[in-house]
Amino acid sequence: MNHILKSKLFWGFMVLLAVLLMIIGFFTKDLEMWGTAFLIALLVRYYAQEFLFQSYNTRLDRLKKKHSQTGEL
């Protein structure tokens with residue numbers, strides 16, 4: 001089970017599933033789908049944000065550091 005929780009493919013699928021549930025729930029006006037998508041989003045936020053978006057965070061930190069050295073934001 002621990003191996004699955006550290007899999008990028010699994011969490012990428014969960015993000016895709018949450019987006020699809022939100023879209024389908026919007027068109028069908030089904031609040032259960034929205035609630036399920038919200039719960040999936042919370043799970044991704046607490047369990048997988050660090051290793052799913054690590055490359056984006058390092059790139060963002062590099063850009064912030066570069067712009068703070070030049071005095072621009």
Side-chain angles (χ1 to χ4, degrees):
M1 182 70 176
N2 196 20
H3 177 69
I4 293 173
L5 291 178
K6 294 194 184 280
S7 170
K8 280 189 176 184
L9 183 64
F10 173 74
W11 289 110
F13 174 74
M14 293 299 280
V15 169
L16 180 66
L17 179 65
V19 169
L20 288 175
L21 284 174
M22 285 190 134
I23 291 170
I24 293 170
F26 175 76
F27 287 117
T28 61
K29 296 180 176 67
D30 188 3
L31 289 178
E32 286 182 20
M33 286 189 191
W34 276 83
T36 305
F38 180 70
L39 289 175
I40 291 172
L42 286 177
L43 286 173
V44 168
R45 168 70 173 100
Y46 289 116
Y47 286 112
Q49 182 189 19
E50 187 173 309
F51 62 86
L52 273 181
F53 303 108
Q54 183 178 13
S55 63
Y56 298 113
N57 290 337
T58 57
R59 188 180 314 156
L60 184 63
D61 289 338
R62 244 190 347 222
L63 286 173
K64 284 181 182 178
K65 188 176 181 180
K66 179 182 173 184
H67 287 295
S68 68
Q69 288 175 351
T70 61
E72 300 174 4
L73 260 183

Rounded to the nearest 0.5 Å, the CD1 atom of Ile40 sits from the CG atom of Leu17 at a distance of 4.0 Å
How far does CD1 of Ile24 sit from OG1 of Thr36, to the nearest 0.5 angstrom? 11.5 Å
Minimal heavy-atom distance between Ala37 and Ala18, with the atoms involved, is CB-O, 3.5 Å
Closest non-hydrogen atoms of Val44 and Trp11, given as atom of the first, atom of the second and distance, are CG2-CE3, 3.7 Å
Side chain to side chain donor-acceptor pair (under 3.5 Å) partners of residues 18-33, not counting sequence neighbours, each pair once: none
What's in the same ILVMFWY side-chain cluster as Val19, cut-off under 4.5 Å, chained through other members? Met22, Ile23, Phe26, Phe27, Trp34
Should we say atom CG of Leu9 is surrounded by more than 12 heavy atoms from elsewhere, each under 6.0 Å from it? no
Are Leu16 and Phe10 connected in a single hydrophobic cluster, I mean Ile/Leu/Val/Met/Phe/Trp/Tyr linked by side-chain heavy atoms less than 4.5 Å apart? no
Any link between Leu39 and Leu31 through a network of hydrophobic side chains (Ile, Leu, Val, Met, Phe, Trp, Tyr) touching at under 4.5 Å? no
